[in-house]
Structures are given as structure tokens and as C-alpha cells.
Amino acid sequence: MARVTRDDVARAAGTSTAVVSYVINDGPRPVAPATRARVLAAVEELGYRPNRVAQAMARRRTNLLGMVVPDARQPFFAGLAHAVEQAAAEHGRLLLIGNSDYADEREAHYIRAFLGMQVDGLILVTQDPATPGLTGFDVADGTPVVLLHHRAESENGVAVVADDEGGAREVVRHLLGHGHAEVHCFGGTRSLSPHDPVTGRTAGWVAALEEAGLPTEGRLVPAPFDRVRAHAGALALLARPDRPSAVFCTTDDQAIGLLRAADDLGIRVPEDLAVAGFDDIAEAVIAGPALTTVTTAQDEMARAALDLVLGGAGSRAAGARTFPARLVVRRSCGCPAPDRAAPADTTGAALADTGAALADTGAALG
């Protein structure tokens, strides 16, 4: 069956192809209501579908955006990608997503592919802004690039990030407030890029312990970022005779892996072991027990990244736009359930937020 063309629509509507174009593209010239109705009726009757690729080439705008994440199977990155997709839809854009799998060459592959598709902008959740995947691409053809969740390496880079260090410092202080003599950091590593979010979270852990006059040496335990492999590392940590009484995990996925390891070993949380995470993924509320963590303004960060990508060069001032990170108190740290009396070091606002979250969850389950 021959493809229906714009000429076919024009003949069926008794008008010119130019008028058909004005109706389909909603301009640039006005069309009389009766003529518009005839054109739309012909489009429907003939089943005409505009060639969006040709239109994009003609106006040099595809309405496509590219996003690269390390691994969309991980709940945090899945949630972040969904937030960006929603923000893109609000701007009338379609979002293409690629998974780098933490590999520089794969990240570079997606960046080249998206640029070849003439995307209007790129949002990158890169594991290291100094890797070949990013270097040199931003200025190659003028396509705007914004880093999300990860600070830029160069002074000219543009990034949207959370206050990772401040959030980690707050949650570790909270653990110390329960009387623990030490708090291990599970998931941090000194080999990450200094611009990585986990590096900031590790720095927050260090700062909180130093403020309390406590040592950090020997208490930083590297761990994979997915919960399955983190579970294996957590088993080794918790099986030690000198296992810690409190652990700060740099991500919630790692914390969930650690909670499972504690259950496997018969270690009670929070009675025998206090646990806190970072990210406040959806599963944190239903973890066993509910996970004390740090939440970030994910939706607001996604919208900010979209605004920076689409706002033109004038809106992309170099540097990082930092959003606050906030402690969310639940059971895994040793605090009582929200319907019980709060300990002196827990703010009423934190408990109110926790109660609201649990009430919403109960209503949804009911």
C-alpha cells in the first residue's frame, strides 16, 4: 500500500500543500476554521502520518533528549530516569535512555549515538566526568550537556547535585546520638572520583566522626553498589568478631543488602545493629525494618536539569546547582515507631514526615 503524502491530503481537502503544512504544524500562518476542519478530516480519512524526522531536520530540532545512567535496574537510577522522563514530557520532549553499565566505552557509545540523532540536549549520570565518555563532547556541536547527580570535573561544567556530604554528616550524627562508640561506612571507597556523590557521602561520614573525636581508620568498608553483591560483602563484615554496632551505608541498595545479611546471621536490627542508608528509594519504607535514610529532592533536581538543558546557553552558568538532602528517621537506626515517644535528639519535623510516609503507605496497602 502506497504511503499517504501531504499532496494526497491537499487534494482530498481541496487546498494547497502549504496550507496542509500550516495545519499540521500549527503555523506559521493562520488557517480559516472551515479549511482547517477539511484538512483534519482528510488526514483522518487517509490515515496520514507526518514524517517527524523530516520535520525535525527542517527545523533543526528533534524534540529528543538523551540520558545516560549507570544501571537503570537499580531503583535509585530508575527513579531518577523516571523523574527526568516526566519533566521532559512536561516540556513536550521525548527521552532516550542508555545504560553505561559503569563502562567508559559504553557511555561514550551512547553519547555518540544520541548526538548522531541530533538530540536537543544530554543529561548524564556519569560515573566520572573525566572519562572519555564525556570529555570533548560538550563543545563538539554545541549540544548542551548537564550532569545530574555527579559534580562536573571542569570549571566550565554544569551540574545538578544533592548535598551529599551534608546529608551523610546529618545521618551519621544521628547514629552517634544513639550512643554508638563507632559507626562503620559500608560502600565508601577512596578510589572513586573526588566528584562522585559517594565520595561526598564518605566525606560527610568522616566529618561526623571527627567532630565526635572518633577514629575512621579501618572503618571504611568498600562495597558494590547493587544489593545482591553488597549482600555478600555485608556477610563478611557482620561475621567478624569485632563487627560494628552501627553502619552507615552510602546507598539504600547497599543498606538493603546489609539488612538481609544481618537477618541471615541472626543479627537483630536495630537491637544488635543500627543501620542507615542514603537515597530514600521507595523500598526503604518496606525494608525490614523500615530504613532510616537521607532523601534528596529528586523531582526538583530532574526539573532543574531539564531547565538547564533547554534554557539556552545563558541559563547554564558553570558550576553545580546544589539541592538539600534531609534525614528521614525510621526504625533501622533504633528510633521507636512513629506512634511512640520520640528520643530527645530526634526532631519533631522528622517524625512528622516519617508518620506521613507510613500513613500513605498504609492507605495504599489498605
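Position 1 is the first residue of the sequence, and the numbers go up from there. If you're wondering where the values come from, they're calculated on a predicted model, not measured in any experiment.
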Same cluster or not: are V228 and V221 linked, directly or through other Ile, Leu, Val, Met, Phe, Trp or Tyr residues, by side-chain heavy atoms under 4.5 angstrom apart? no

Here the gap from T199 atom OG1 to D164 atom CG, rounded to the nearest 0.5 Å, amounts to 9.5 Å

Linking I/L/V/M/F/W/Y whenever their side-chain heavy atoms sit closer than 4.5 Å, directly or via other members, would V161 and V145 fall into one cluster? no

According to the interplanar angle, ranging from 0 to 90°, do the rings of Y110 and F114 count as parallel (below 30°), tilted (30 to 60°) or perpendicular (above 60°)? tilted

Okay, side chain of R243, backbone of L237: is any donor-acceptor separation there less than 3.5 Å? no

For E44, look at atom CD and say whether over 12 heavy atoms of other residues, nucleotides or ligands are found less than 6.0 Å away. no

Check the pair T126, H150 against side-chain hydrogen bond (donor to acceptor under 3.5 Å, both in side chains), reporting the backbone distance first and the verdict last. CA-CA 7 Å; T126 180; H150 205 304; over 6 Å; no

Can you see which heavy atom on S332 is nearest to which on P289, and at what distance? CA-CG, 3.8 Å

Side-chain (D279) to main-chain (T251) donor-acceptor, under 3.5 angstrom: no

Is the closest basic N to carboxylate O distance between R38 and E45 below 4.0 Å? no

Salt bridge or not between R326 and E170? Use side-chain N to carboxylate O under 4.0 Å. no

Counting only heavy atoms from other residues, nucleotides and ligands, does the tally under 6.0 Å from CZ of R321 exceed 12? no

Interatomic distance, C185 atom SG to R201 atom CZ [nearest 0.5 angstrom]: 10.5 Å

Rounding to 0.5 Å, atoms CE (M117) and CZ (R112) come to a distance of 14.0 Å

Taking atom CZ of R29 as the centre, does the number of heavy atoms from other residues, nucleotides or ligands within less than 6.0 Å exceed 12? no

Are N63 and H91 close enough, and set up right, to give a side-chain hydrogen bond (donor to acceptor under 3.5 Å, both in side chains), and what steps lead you there? CA-CA 9 Å; N63 284 335; H91 287 272; over 6 Å; no

To the nearest 0.5 Å, what is the distance between CG (L175) and CH2 (W205)? 12.5 Å

Check the pair E182, R219 against salt bridge (Lys or Arg N to Asp or Glu O under 4.0 Å), reporting the backbone distance first and the verdict last. CA-CA 8 Å; E182 62 177 14; R219 291 165 173 79; 2.8 Å; yes

Determine whether T322 and D163 satisfy the following criterion, side-chain hydrogen bond (donor to acceptor under 3.5 Å, both in side chains), listing intermediate values before the conclusion. CA-CA 6 Å; T322 304; D163 182 10; over 6 Å; no

More than 12 non-hydrogen atoms from neighbouring residues, nucleotides or ligands closer than 6.0 Å to CZ on R260, yes or no? no

